[in-house]
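Down below is the structure, laid out as structure tokens.
Naming: A, B, ... by sequence-line order, numbering from 1 per chain.
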Amino acid sequence: MVNLRLPDGSVKKFPKPVTGMEVAEEIGPGLAKAALAIRVNGEVADLKSQINADSEFSVVTASDGDALELIRHDAAHVLAQSVQELFPDTQVTIGPAIENGFYYDFAREAPFSSDDFSNIEKRMEEIVDRDLPIEREIWDRNKAIEYFKSKGESYKAELIQDLPQNEEIIIYKQGDWIDLCRGPHLPSTGKLPLAFKLTKIAGAYWRGDSTKEMLQRMYGTAWANKKQLANYLTMLEEAEKRDHRRLGREMDLFHLQEHAVGSVFWHPKGWTLYRIIMDYIRVKLELAGYQEVNTPQLVDSSLWKDSGHWDKFREQMFISEVEDKVLAIKPMNCPCHVQIFRQGIKSYKELPIRMAEFGSCHRNEPSGALHGLMRVRAFTQDDAHIFCTEDQIVSETEKFCSLLMEIYKAFGFENIQIKFSDRPENRAGENKVWDQAEKALIEAVEVAGYSYELNPGEGAFYGPKLEFVLRDAIGRDWQCGTLQVDFVLPERLDANYVGADGVKHRPVMLHRAILGSFERFIGILIENYAGRLPIWLSPVQVAVVSITDANINYGEKVLEEFNSRGIRTISDFRNEKINYKIREHSTQKIPVIVVVGDKEEKESSVSIRRLGDSRQETVALTDAIDKLEEQARVPVAW
RNA sequence: GCCGCCGUAGCUCAGGGGUAGAGCGCGCCCUUGGUAAGGGCGAGGCCGAAGGUUCAAUUCCUUCCGGCGGCACCA
């Protein structure tokens, strides 16, 4: 007897083991037709799989959240079959479902091109039409290896060989096409909704290892229906419109050019934005008890050797040889901050010392990693190092976290996740020291009351770290802030303070940043707001626009009054129609357009129009200034 | 760094063995117009760089540089 509890709480009884399909048919023919798979005790399984014991049971249909993964995984298989039918010289490797779609990695001498997509998609649709049953089989390991070897599928054979000895070799068949796969799958290719599309072709290393050969990865997207597919494609277009590289040019914020690859040319408006953010952070840090410093760009290699960078980080450092010295452009600020700490004798009474620098750093990032403002070779961090005692780690962590949360909130980010990254392979310092540092940091974040997830092996070479990941308006995650506990560098660079006992002690160093780099953070801001920055961040806050030449004198007066109150205001008194000017300043994403015409001039008022809102409001000039001054102000807590 | 694609006017792009085109933008003129593009005229290009093939290269080939998409990397 098998008892199955259905989602509505009722129980179906079967005298002997049944397949998912049989249960679905028992419940109703409509459901049986819509069934794609089943869920037994929370695990998705093939419709044809047998249920031998009492279970929680439900049927997975296209509207089920788990259906998409099945659909995407099947789409990958159908893609692979299509490619092998059209291009028999292709070997298959792996092809999983991923967020929004799927990919399949192929090995083939000749490159595929996106021109091949329409043919491949057509063949995929044909295979769906053929409605091939998808059958699951368990094969003998050696037979499977022999089979794939005989077909010239060396990658598949390698995969099977590397599977743990006790693992079953599961094979899925659709028609005469066979793949090693864990499943589960749809019951037949005909169940795959015709709502997929190939999106891109790119290289990918075999087994994700850059020392191994490069395969050709074909990406696609797949959905439960055409409408979902269309929505997704629209969403991609929207995301492209908020690309900070495009908006940076359109809004005249910055540019990049090949004479300084990976470095930014900031234009006046972009630099204004940069400065607003920096000024804001500067005030916040001062209020939080930090002292700002500034340290050299070019530093002798001997310091980097002492700090450990020469060993662990040299590849990414720009080196300059002058006379008989080898200098490096600093990739980090920490060793320099230790030098400031080391000047004079420090007492425990001075700790914690919070040393901040808007530190300009250069790192020779791999060319393929560069990406607009998000990944550059020259950047400025909102960097600081807190020199403290071990006892102070917890309270400093708490203070830092609350400062960070407050600042993120001011920029409009409220969804923050914390990751804890522990010791990496390539590291400095004894294991004992790492034990100590990891324990201290975990304890600190727990006392501070934040939840976090583990990110094993991703710490900095000198210490474990917390990473603060913020989620933007369209759901993408960005790692910005960081807090790292470091027992290594103070040791290596011989930093010490005199304790209450009159003896020298090592301080602990907390490396921390909130924005990360200004460049990257500005990129994130632009994309998060799709260029429509909050008024306090807008490089130009107000445009004063005249209706006709007759209003220019009044317009000049309005402009002057706005600017004299610290509101960043430009004027547009050109001989153009008001529609034209509204459009232009709207596309420039200026948050407030102030229109002055005869009416406004006569009554000393202005008409205010806000970005994204076609309504207008006419208010007295003095009121307008008071109100906008208030709204345009930097949100510093006093 | 690796694989693939791409590089033509400020921007978006078309073209293609006989040294170039559109729209937008820009300049000038007309227009003085009340909330997302008024009209006319005009200027603007070493067709990424260097080599090669060819009577002839922006076009074909090679190399380099840069960009884009992934992969790897992000200490």
Side-chain angles (χ1 to χ4, degrees), chain A residues 103 105 108 110-116 199-219 240 243 245-246 249-250 252 255-262 307-309 311-317 331-332 334 363-372 374-377 421 423-428 457-463 465 467 479 482 484 511 516-517 520 545-552 573-588 593-600 607-618:
Chain A
Y103 67 77
D105 285 349
R108 177 175 179 248
F112 290 110
S113 116
S114 49
D115 296 341
D116 298 320
T199 51
K200 52 197 166 198
I201 176 92
Y205 295 108
W206 169 233
R207 301 197 145 178
D209 182 340
S210 62
T211 63
K212 296 205 158 74
E213 56 272 43
M214 177 129 323
L215 307 171
Q216 300 191 63
R217 177 171 296 179
M218 228 176 261
Y219 284 92
E240 201 184 314
D243 188 313
R245 294 166 297 185
R246 172 206 280 247
R249 186 181 59 239
E250 288 174 359
D252 195 16
H255 82 270
L256 301 160
Q257 71 183 53
E258 57 184 282
H259 297 99
V261 173
S307 70
H309 287 79
D311 269 356
K312 307 288 177 192
F313 205 68
R314 182 149 181 215
E315 286 288 291
Q316 286 100 293
M317 289 165 72
M332 295 186 197
C334 25
R363 298 180 190 175
N364 193 6
E365 301 286 354
S367 58
L370 300 177
H371 180 91
M374 302 302 194
R375 194 81 181 270
V376 287
R377 287 183 175 148
S421 300
R423 66 193 77 186
E425 293 266 317
N426 183 22
R427 60 178 182 263
E458 297 292 322
F461 75 77
Y462 44 73
K465 62 184 184 184
E467 293 175 339
Q479 197 234 300
T482 180
Q484 305 164 6
H511 306 239
S517 92
R520 185 174 150 80
V545 172
S546 58
I547 298 282
T548 74
D549 290 354
N551 314 118
I552 293 181
F573 303 148
R574 289 175 304 171
N575 176 11
E576 293 290 351
K577 289 193 174 171
I578 188 68
N579 284 305
Y580 183 89
K581 297 188 194 179
I582 295 286
R583 177 182 155 78
E584 189 164 295
H585 297 116
S586 297
T587 56
Q588 280 297 304
I593 298 173
V594 160
V595 176
V596 292
D598 290 345
K599 186 162 68 88
E600 288 80 4
S607 288
I608 294 177
R609 178 189 167 119
R610 287 171 196 273
L611 185 60
D613 185 351
S614 58
R615 288 174 303 178
Q616 308 148 44
E617 181 192 16
T618 304

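The distance from the CZ atom of R583(A) to the NZ atom of K581(A) is 16.0 Å, given to the nearest 0.5 Å.
In this structure, rC28(B) and rG40(B) make a Watson-Crick or G-U wobble pair, each of the two defining distances being under 3.5 angstrom.
Geometrically, R217(A) engages Y103(A) in a cation-pi contact defined by less than 6.0 Å to the ring centre and at most 45° from the axis. For the pair K200(A) and Y219(A), the cation-pi criterion (under 6.0 Å, within 45° of the ring axis) is fulfilled.
With rounding to whole Å, R246(A) atom CZ is found 12 Å from rG69(B) atom P.
The base of rU32(B) is paired with the side chain of D549(A) by a donor and an acceptor separated by under 3.5 Å. Counting atom types as modelled, E600(A) pairs a side-chain N or O with a base atom of rG34(B) as donor and acceptor under 3.5 Å.
Here the nucleotide nearest the side chain of Y580(A), chosen from rG25(B), rC68(B), rG34(B), is rG25(B). For A369(A), the listed nucleotide lying nearest its side chain is rC73(B); candidates were rA36(B), rC73(B), rG70(B).
Judged purely by atom type and a 3.5 angstrom limit, E213(A) has no side-chain atom pairing as donor or acceptor with the backbone of Y205(A).
Position along RNA chain B of the nearest nucleotide to E365(A) versus R377(A) favours R377(A) as the more 5'-ward residue. Mapping T618(A) and F112(A) onto RNA chain B via the closest heavy atom, the residue that lands nearer the 5' end is F112(A).
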